[in-house]
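Taking it in order: structure first as structure tokens, then the write-up.
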Amino acid sequence: MELDFKCSDVGVWKKALSSYESKVESLNKPDLVSLDQYYRVELPSLLHGRDPNPYLTTSELSQLMKWKLSRGKWRPRLLDFVSSLDDSVVKSASEKAFKSLPDISKAVNELTVLKGVGPATASAVLAAYAPDIAPFMSDEAMEVALGNSKDYSLKRYLLFVTKLQKKSKELKLEGEWGGASDVERALWNCTVRSKSKPAEKSSSEKKRKRKE
């Protein structure tokens with residue numbers, strides 16, 4: 001199932017979002033299901049439990065990085081970098097970032113002072129706290145929304161945010177919708193499904209040939 005970013009049919013988007021969890025499970029990646037649950041449910045609850053001065057710990061940042069890398073491309077050096085950060089430094093940077101919202105540009109800049117944290121990881125941190133306004137900068141969603149996923153600059157992220165927030169508002173006018181991060185998850189799901197179809201077809205053909 002491919003999803004056109006220009007599509008304004010709420011039903012199509014809701015269908016794409018509703019099958020997100022089943023796609024995560026079908027990838028057969030070690031720990032991704034539990035990490036995704038942690039990122040989408042447990043971490044946001046932890047962060048909002050610290051309001052009005054929310055912050056992130058090094059341990060939580062490491063778990064978030066594991067989720068990000070498991071859901072996309074595995075880059076172990078990034079995990080090593082963030083896992084070695086001093087807890088007080090992570091707490092200070094993340095607290096400043098969360099307080100900067102809704103100024104996403106400033107919030108990202110507060111987080112990218114941390115070694116191993118670029119705009120993409122910073123977006124994951126912000127999305128855990130404010131998913132309605134700061135979607136995660138996934139390759140898959142970037143590809144559909146912007147036409148390419150190779151530019152991880154802040155400028156590119158801000159354009160991505162604008163497009164997903166606009167799409168979220170458009171869909172909300174026609175039905176219930178959960179924000180920019182739901183748009184990202186729907187796009188990620190459909191892109192991953194679309195890319196996995198050739199592999200699934202090849203696998204089924206091999207099985208058929210073995211039976212013959």
Side-chain angles (χ1 to χ4, degrees), residues 17 20-21 23-24 29 31-75 78-79 81-83 85 87-142 145 152 154 156-158 160-162 164-165 167-168 177-189 192:
L17 182 62
Y20 169 83
E21 289 185 19
K23 187 62 210 175
V24 168
K29 290 189 176 184
D31 303 322
L32 180 55
V33 173
S34 60
L35 285 169
D36 195 69
Q37 176 72 10
Y38 171 79
Y39 177 75
R40 293 190 299 114
V41 181
E42 295 172 34
L43 183 57
S45 179
L46 283 170
L47 294 176
H48 284 284
R50 295 169 184 154
D51 283 335
N53 300 302
Y55 61 83
L56 196 69
T57 66
T58 300
S59 172
E60 291 160 357
L61 180 58
S62 295
Q63 285 295 97
L64 179 149
M65 182 65 84
K66 287 178 185 176
W67 168 82
K68 174 180 175 284
L69 298 177
S70 295
R71 195 173 181 256
K73 297 174 184 176
W74 189 260
R75 299 182 179 95
L78 291 180
L79 183 58
F81 285 147
V82 300
S83 298
L85 291 169
D87 208 41
S88 62
V89 174
V90 174
K91 285 182 178 180
S92 176
S94 58
E95 187 173 344
K96 289 177 183 176
F98 294 138
K99 283 186 175 180
S100 298
L101 292 172
D103 186 335
I104 293 177
S105 178
K106 185 178 179 182
V108 169
N109 284 326
E110 293 289 2
L111 289 165
T112 52
V113 299
L114 300 171
K115 189 172 183 179
V117 176
T121 301
S123 75
V125 172
L126 298 177
Y129 181 71
D132 54 328
I133 62 171
F136 170 52
M137 189 185 193
S138 66
D139 288 351
E140 295 79 7
M142 290 266 287
Y152 300 103
L154 173 58
R156 198 69 173 168
Y157 177 57
L158 293 176
F160 178 70
V161 168
T162 298
L164 265 65
Q165 286 183 350
K167 175 56 69 174
S168 173
W177 194 253
S181 289
D182 277 351
V183 176
E184 185 278 325
R185 277 191 274 273
L187 293 174
W188 177 89
N189 177 30
V192 172

Fill in: Worked verdict on L158 versus V108 for side-chain contact (heavy atoms from CB on, under 4.5 Å)
CA-CA 10 Å; L158 293 176; V108 169; 5.9 Å; no
Discussion item. One pair to check against side-chain contact (heavy atoms from CB on, under 4.5 Å): W188 and R71. What are the steps and the verdict?
Written reply: CA-CA 10 Å; W188 177 89; R71 195 173 181 256; 3.6 Å; yes
Discussion item. Please determine whether side-chain contact (heavy atoms from CB on, under 4.5 Å) holds for the pair Y20 and V192, giving the CA-CA distance in whole Å, both sets of side-chain angles, and the decisive distance to 0.1 Å.
Written reply: CA-CA 10 Å; Y20 169 83; V192 172; over 6 Å; no
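Partners of R50 according to the salt bridge (charged side-chain N to carboxylate O under 4.0 Å, His left out) rule, which considers only residues two or more places apart in sequence or in another chain, are E60. Partners of S59 under the side chain to side chain donor-acceptor pair (under 3.5 Å) rule, at least two apart in sequence or in another chain, do not exist in this structure. In this structure Y38 satisfies the ring-ring contact (aromatic ring centres under 6.0 Å, His included) test with no other residue, sequence neighbours excluded. By the salt bridge (charged side-chain N to carboxylate O under 4.0 Å, His left out) test, D31 pairs with no residue at all, sequence neighbours left out. Partners of E140 under the salt bridge (charged side-chain N to carboxylate O under 4.0 Å, His left out) rule, at least two apart in sequence or in another chain, do not exist in this structure. Not counting sequence neighbours, K66 has no partner by the salt bridge (charged side-chain N to carboxylate O under 4.0 Å, His left out) test. Every residue was checked against the ring-ring contact (aromatic ring centres under 6.0 Å, His included) condition with Y55, not counting sequence neighbours, and none meets it. For the side chain to side chain donor-acceptor pair (under 3.5 Å) test, no residue two or more places apart in sequence or in another chain qualifies with E42. Looking at residues two or more places apart in sequence or on another chain, you find a side chain to side chain donor-acceptor pair (under 3.5 Å) between S88 and D86. Residues passing the side-chain contact (heavy atoms from CB on, under 4.5 Å) test with V33 are V24, E25, sequence neighbours excluded.
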Just distance, no hydrogens or angles: give the donor-acceptor pairs under 3.5 Å from side chains in residues 117-138, sequence neighbours left out.
unit_1: S123; atom_1: OG; unit_2: A120; atom_2: O; d: 2.5
unit_1: S123; atom_1: OG; unit_2: M137; atom_2: N; d: 2.9
unit_1: Y129; atom_1: OH; unit_2: D51; atom_2: OD1; d: 2.7
unit_1: S138; atom_1: OG; unit_2: A141; atom_2: N; d: 3.2
unit_1: S138; atom_1: OG; unit_2: E184; atom_2: OE2; d: 2.6

Show me the side-chain donor-acceptor pairs of residues 97-107 shorter than 3.5 Å, one per line, residues at least two apart or across chains.
unit_1: K99; atom_1: NZ; unit_2: N53; atom_2: OD1; d: 3.2
unit_1: S100; atom_1: OG; unit_2: K96; atom_2: O; d: 2.7
unit_1: D103; atom_1: OD1; unit_2: S105; atom_2: N; d: 3.4
unit_1: D103; atom_1: OD1; unit_2: K106; atom_2: N; d: 3.1

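When all heavy atoms of V183 and K167 are compared, the closest pair comes out as CG1-CG, 4.0 Å. Between T58 and V90, the shortest heavy-atom distance links the atoms OG1-CG2, 3.4 Å. Minimum interatomic distance between V89 and L114 (heavy atoms only, all atoms of both residues): CG1-CD2, 3.5 Å.
Note that CG of L61 is 13.0 Å distant from CZ of F81, once rounded to the nearest 0.5 Å. To the nearest 0.5 Å, the span separating CG on L69 from CG on L32 amounts to 11.0 Å.
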